[in-house]
Amino acid sequence: MNDIAINIDKLTVAYDAQPVLWNISLKFQKGKMIAIVGPNGAGKSTMIKSMLGLVSPVMGSVTHQDENQKAVPYSELKNRIAYVPQNTSVDWNFPTTVRDVVLMGRYGHLGWFKRPRKKDKDIAKQMLLKVGLPTFAKRQISQLSGGQRQRVFLARALAQEAEVYIMDEPLAGVDMKTEHIIMKLLKKLVSEGKTVLVVHHDLQTVETYFDEIVFINQEVIAAGPVDQTFNKQNIDLTYHRDRNVGEGG
Amino acid sequence: MLTQVLSVFTDYTFQLVALGTGIIGLLSGVIGTYATLRKESLLGDALSHAALPGIALAFVIIQRKELMFLMLGAVVSGIIATAIIQVMTRNTVVKLDSALSLVLSSFFGLGLVVLTAIQNNPNAQQAGLNSFIFGQASAMLRRDVQLISSVGLVLLLLVVVFWKEFKCYTFDPMFSRSLGFSSKIIEFLLSMMIVLTIIIGLESVGVILISALLIGPSIAARQWTHRLSGVMILAGIIGFMSGVIGTLISSLGVRIPTGPTIVVVVSVFVFVSLLFAPKQGYVAKYILRQKKQKLFKKRLDELEEAKQ
Amino acid sequence: MSMINEITLIAVVVAIACALPGVFLVLRGATMVSDAITHTVLLGIVLAFFITQDLNSPLLMIGATLVGLATVWLIETIQRSNLVSNDAAIGIVFPLFFSIAIILITFYAGDVHLDEDAVLMGELAFAPFRRLDLWGYDLGPQSLWVMFIILIINSVFIFFFYKELKVTTFDPAFAAAIGFSPVVIHYALMTLVSLTAVGAYDSVGSILIVGFMVGPALSGYILTHSLNKMIGITVIMAIINSVSGVRLAFFFDTTIAGMIAVVTGSTTLLILIFSPKKGLFQHQISQNRARRNLNKEIEKMA
């Protein structure tokens, strides 16, 4: 069992006694590109947030594997996990440059009080180069296109130099060029043995991009390798069913 | 106690003031409904502060405390403030809250600058201008109440005449535009009505607290009904009662200011509604949640057992 | 030191102390919450005064700061209930607290030496008369010392938590995931706002404080794309506004705090109109350009 990066065990999350996730058990293998799909309100973002300790479950647990292959909660290995939130939550007029945003990826390693050092700045520069925006370092973020913004966020995640990358809809509303760059970089991460989890909305590209897929709609509908699990039956089960779990009956 | 209350009721000054504050409460309840539904509650707060320089400058110009003219000044500065806020939020990156805060404080500052200048400049009729800041309901005169009632009648008439247009605009400005209503005219009319409501309330409740009267009644009413007409009527009633009850309480004691007392009464209505309204109130929600929690626990237990 | 110089110095210190937390209030869209706080701290001052019976007690500061935090908490609790919109929650909480404070002051008017006019308007002109005497030495105006200490606290906080303030303001979800709790930083900032409001209310008055907090920061926000520069511009604007405000107030023989608020509003509006980066003119020009380009495109297609 050494190759399990994240272990979700009977995870149940509820807001106001209204279950959002019900009895989810999943094991994510190390070194895989994993898609999480499901309709709106299926609890995809909530599942990600509970993996990052941002919401607390009413039952069950999420553990991550640390460098000694021990299963520990998220709070003990924050720096081994990078997170790209949905970019809708951000104020793009915030006075900050592209380089500063990428540098935020280093904050977790620095901890409270400490300021970024030369090494951190070098890493940020390097990551900007990787996402193809080296000349944009000094630009203010409001001057970027949607796709460029998403690449900046990816660069920030890369700067975290993590083992696991968790991304909430990184391809939503981006141009083809950006999608191509992002997927190429993610593939490279996977080839280096990192684990990449992506909340994905475009069913058309699942087969081209991913190794594993998880269908969720409050419960796990199906999970497994794309070639075995990605089929019409599971899609129908996930998307065309009114679900109401946890309310008796 | 009871005789005291009864004697207050028959007192002419009390009747006058209670009627005045009651009508102000009713109007701000009705007109404020538009503001709260459009999520522009704090606009009232900014506009009431913005009225002060208009009042002070009007006084400087006519050198008399003539309520009509002072109100005219207030309307003008209220409109200027509204325009500045709208330009700031629509055409620049400035957020609404920053625009409101800036306009609120700089207009109020200007009002104070002019008022202080007037006070340093002896004039027999200057006394009483300060009352606009805190309000002085007890100083209400018969013709003040007449003015309040006539302005109020016009505003209520407008609400009835443009009922459909205002309703559309409040809920969906885009849709209302597509129906061919000129949204600019409707918006201007609505802003004017809010400014006027604030201004007739200023002298009795004061700059700082009139916004509470504008927000409170409709928020309270909203908890009990979902229909616009229902919210408006209930908000009017709550506003009226707050005015009368607040005036009553303050007339019973020696040193109880009317304006703040009215605000406390409005707040009681608001918090009681938030707590006890059926279905969506805190208490109702709490009970519902307990029930759900029980069911939920049962399901969780079943799940737990199934695992073993 | 001459009176006008002393007043100018106090005004500058107050202006900078208020403007610093204002930077993050503007960025977070929380300036109206700070407006609420500046009103409700009055209730804290009144309540603490009833307990200590001493207007100079440090307990007044603590009490007022606690009430400021209670205000934030109550507003957020009501907002979370989803029963009312966010701004309405602010609008129902602070008038209530403020009204209770005014009622208490009026009711006990004989016993409380708190003048409601003074609380609301403040008066910088009186500040030099309240001296700080230690062991028989005159150390200068008391409010200068109080605000100077608050200015130091605000600067130190922003200096040490710069990175944390930045990341929690820009992207709270990401900040929480990498271990910087947005809630902790938010309440820390609100504590500073409350403390600053209590310290400044007798010289500036509770209504104008919000202008001192928002105006300079807004100028910085419009003029630059970098947070460092925004803080720098904010401080410079605070100094310019307060110095010229004091001069103008002396010239017109009127309220100093009010005049500073007017100057602050005017400079901010001017910057808003003429800023080369995010100004109103610039906005208009770029919109026109975009429209022209669009027209050209359409012509080309046709």
For this session: With a 4.5 Å cut-off on heavy-atom pairs, point out which of C:Ala101, C:Ser81, C:Ser34, C:Ala249 contacts chain B the most.
Result: C:Ser81
For this session: Flag the one option from C:Leu218, C:Ile260, C:Ile209 with the top tally of heavy-atom pairs under 4.5 Å to chain B.
Result: C:Leu218
For this session: Please tell me if the side chains of C:Ile103 and B:Pro257 come closer than 4.5 Å, counting only heavy atoms from C-beta onward.
Result: yes
Problem set entry | Distance, nearest 0.5 Å, that separates CD1 of C:Ile207 from OG of B:Ser105 | 10.0 Å
Seminar exercise, completed: Honestly, the part of B:Phe107 sitting under 4.5 Å from a heavy atom of chain C is neither
For this session: Taking the side chain as every heavy atom from C-beta outward, state whether B:Leu209 and C:Ser99 have any pair of such atoms under 4.5 Å apart.
Result: yes
Pairs of donor and acceptor atoms involving the side chains of residues 25-33 of chain C, under 3.5 Å and at least two apart or interchain, shall be tabulated with distances.
from: C:Arg28; atom 1: NE; to: C:Thr169; atom 2: OG1; distance (Å): 3.0
from: C:Arg28; atom 1: NH2; to: C:Thr168; atom 2: OG1; distance (Å): 3.0
from: C:Arg28; atom 1: NH2; to: C:Thr169; atom 2: OG1; distance (Å): 3.2
from: C:Thr31; atom 1: OG1; to: B:Asp97; atom 2: O; distance (Å): 3.0
from: C:Thr31; atom 1: OG1; to: B:Asp97; atom 2: OD2; distance (Å): 2.6
from: C:Thr31; atom 1: OG1; to: B:Ser101; atom 2: OG; distance (Å): 2.7

Seminar exercise, completed: If you tally heavy-atom pairs under 4.5 Å between each of B:Ala99, B:Ser41, B:Ser106 and chain C, the highest tally belongs to B:Ser41
Exercise. Most heavy-atom pairs under 4.5 angstrom with chain B, which of C:Gly211, C:Ala88, C:Gly22?
Worked result: C:Ala88
Problem set entry | Under 4.5 Å from a heavy atom of chain B, the part of C:Asp87 involved | both
Exercise. What pair of heavy atoms forms the shortest contact from B:Tyr282 to C:Ile78, and how long is it?
Worked result: OH-CA, 3.9 Å
Exercise. Just wondering, do C:Thr106 and B:Ile256 contact through their side chains at under 4.5 Å, heavy atoms?
Worked result: no
Exercise. Does any heavy atom of chain B fall under 4.5 Å from the side chain of C:Thr77, the backbone, both, or neither of them?
Worked result: both
Problem set entry | Which portion of B:Lys39 sits near chain C, non-hydrogen atoms under 4.5 angstrom | both
Exercise. B:Leu96, B:Leu102, B:Val103: which one forms the most heavy-atom pairs within less than 4.5 Å of chain C?
Worked result: B:Leu102
Exercise. Taking the side chain as C-beta and beyond, is there a heavy-atom pair between B:Leu115 and C:Thr255 under 4.5 Å?
Worked result: no
Seminar exercise, completed: So, the part of B:Leu104 with a heavy atom under 4.5 Å from chain C: the answer is side chain
Exercise. If you count heavy-atom pairs under 4.5 Å between each of B:Val266, B:Ile84, B:Ile262, B:Leu274 and chain C, which one has the most?
Worked result: B:Leu274
For this session: Please name the pair of heavy atoms, one in C:Ile102 and one in B:Pro260, separated by the smallest distance, quoted to 0.1 Å.
Result: CG2-CG, 3.7 Å
Problem set entry | Note, B:Phe271 side chain near C:Leu96 side chain (heavy atom, < 4.5 Å) | yes
For this session: Between chain C and each of B:Asn91, B:Thr92, B:Thr36, count heavy-atom pairs under 4.5 Å; write down the option with the most.
Result: B:Asn91
For this session: Drop me the distance from C:Asp35's CG to B:Leu100's CG, to the nearest 0.5 angstrom.
Result: 9.5 Å
Seminar exercise, completed: Quick note, ring pair (Phe, Tyr, Trp, His ring centres under 6.0 Å) partners involving residues 75-96 of chain C, not counting sequence neighbours, are C:His39-C:Phe94
For this session: Spell out the residues in residues 212-225 of chain B that have some non-hydrogen atom less than 4.5 Å away from a non-hydrogen atom of chain C, in order of number; otherwise answer 'none'.
Result: B:Ala212, B:Ile215, B:Gly216, B:Ile219, B:Gln223
Exercise. Is any residue of residues 42-49 of chain B within less than 4.5 Å of chain C by heavy atoms, and which ones?
Worked result: B:Leu42, B:Asp45, B:His49
Problem set entry | Gap between atom CD1 of C:Ile222 and atom OG of B:Ser98 - 0.5 Å precision | 9.0 Å
Problem set entry | Under 3.5 Å: donor-acceptor pair, side chain of C:Thr254, backbone of B:Val113 | yes
Problem set entry | C:Tyr221 side chain reached by B:Val93 side chain, heavy atoms, under 4.5 Å | yes
